[in-house]
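Please read these numbers as outputs of a predicted model, since none were measured by experiment. Just so you know, residue 1 is the first one in the sequence shown, and it goes up from there.
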Amino acid sequence: MVHRNTRPTVADIRAMKARGQKISMLYVTTLEEAAAANAAGIDMLSIEGRFFSPEMREAAGRCFVQVGLPYGGWGTFNGRPLATAEDYLRAAFHFAAMGGDCFYCAAAYDIQKALCDNHVPIVAHVGLVPSYITWTGFRAVGKTAQEALEVWQQVKQLEAIGCFGAELEVVPDRIGEFISKNTSMIMLGMGAGPGADAQYLFAEDVLGHTDGHKPRHAKTYRNFAAEFVRLQQERIAAFKEFIADVGSGAYPQPQHNVSIAEAEYGQFLEQAKA
């Protein structure tokens, strides 16, 4: 068992799978979300490279952090999209120096293999893959025997090139369970049923402020959307009160001002008018 104040390693995550311990995982975008996940005891975080920083790593605390390497039109590194294995290696080493523990990569097998060959812990993606959604559309993947077999074959190929894990998104629950039980990789389930090694949700879905479509597998535990609306109305009201105070002279009051001794002010006036 990992000590509460010790950051887990790849070996620790693999040990959790080996003993059948379910892994909790969240996608986060803010320091507040990362810090809350750490305080709550979330096992793994997924953070896109564009959001990852030393401050984010510190906020994540003991959480095992997967950093998303940008792919195609989904982001850039140093101002340009990643295209070659060298590009991906450079980005992975950059984020590793900040404290990234593993790296999401949706690129081709040869690029993923190059990363694995350089001892970079790589998480790939099978099933519904948003970064190349044009091939499937937004739907469950693997509901036919042939398509499920194709997902399984992709998993075996990823395992063969040395990937640490794979996101397993929107596949039938029994397929998710079969794959997870029959691969050494860590299968990070998003809508893949209870048999996946990890249960992976977006913080915005958990907190109830989803921007856009809320997936079927998402579960909401709080209603932050209503709270954000309330807070915005409170902001507007406070700003209006400030405007009114400025107009009426109610702000600033003496306690908001810096005073000067009478003698010093008198001396200033003498010299200023001279």
Q: Please collect all salt bridge (charged side-chain N to carboxylate O under 4.0 Å, His left out) contacts where either partner lies in residues 233-242, sequence neighbours excluded, each pair once.
A: none
Q | Contacts of Lys143 that satisfy salt bridge (Lys or Arg N to Asp or Glu O under 4.0 Å) - sequence neighbours left out | A | none
Q: Name all residues meeting the salt bridge (Lys or Arg N to Asp or Glu O under 4.0 Å) criterion together with Asp101; count only those two or more places apart in sequence or in a different chain, and write none if there are none.
A: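 Asp101 satisfies salt bridge (Lys or Arg N to Asp or Glu O under 4.0 Å) with Arg7, Arg57 only.
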Restricting to side-chain contact (heavy atoms from CB on, under 4.5 Å), what partner residues turn up for [X], sequence neighbours left out?
X	answer
Thr144	Gln146, Glu147
Gln255	Gln253
Glu58	none
Asn182	Trp152, Phe178

Q | Atom pair CD1 (Ile13) and CG (Asp43), whose distance is rounded to the nearest 0.5 Å | A | 6.0 Å
Q) Restricting to pairs with a member in residues 103-125, which pass ring pair (Phe, Tyr, Trp, His ring centres under 6.0 Å), not counting sequence neighbours? A)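 Of all non-adjacent pairs touching residues 103-125, those that pass ring pair (Phe, Tyr, Trp, His ring centres under 6.0 Å) are Tyr104-His125.
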Q: Taking only Lys NZ, Arg NE, NH1 and NH2, and the carboxylate oxygens of Asp or Glu, determine whether Lys113 and Asp110 approach each other closer than 4.0 Å.
A: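 Result for this pair is no, no salt bridge flagged.
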Taking only distance into account, with no hydrogens and no angle test, what donor-acceptor pairs under 3.5 Å do side-chain atoms of residues 265-274 form with protein atoms, sequence neighbours excluded?
none

Donor-acceptor pairs under 3.5 Å, side chain of residues 202-209 to any protein atom, not counting sequence neighbours: which ones?
unit_1: Asp205; atom_1: OD1; unit_2: Thr210; atom_2: OG1; d: 2.4

Expected list for residues 91-98: side-chain donor-acceptor pairs under 3.5 angstrom, two or more places apart:
none

Q. Does Phe239 sit in a hydrophobic cluster with other residues, and if so which ones, taking ILVMFWY side chains as linked at heavy-atom separations under 4.5 Å, directly or through other members?
A. none
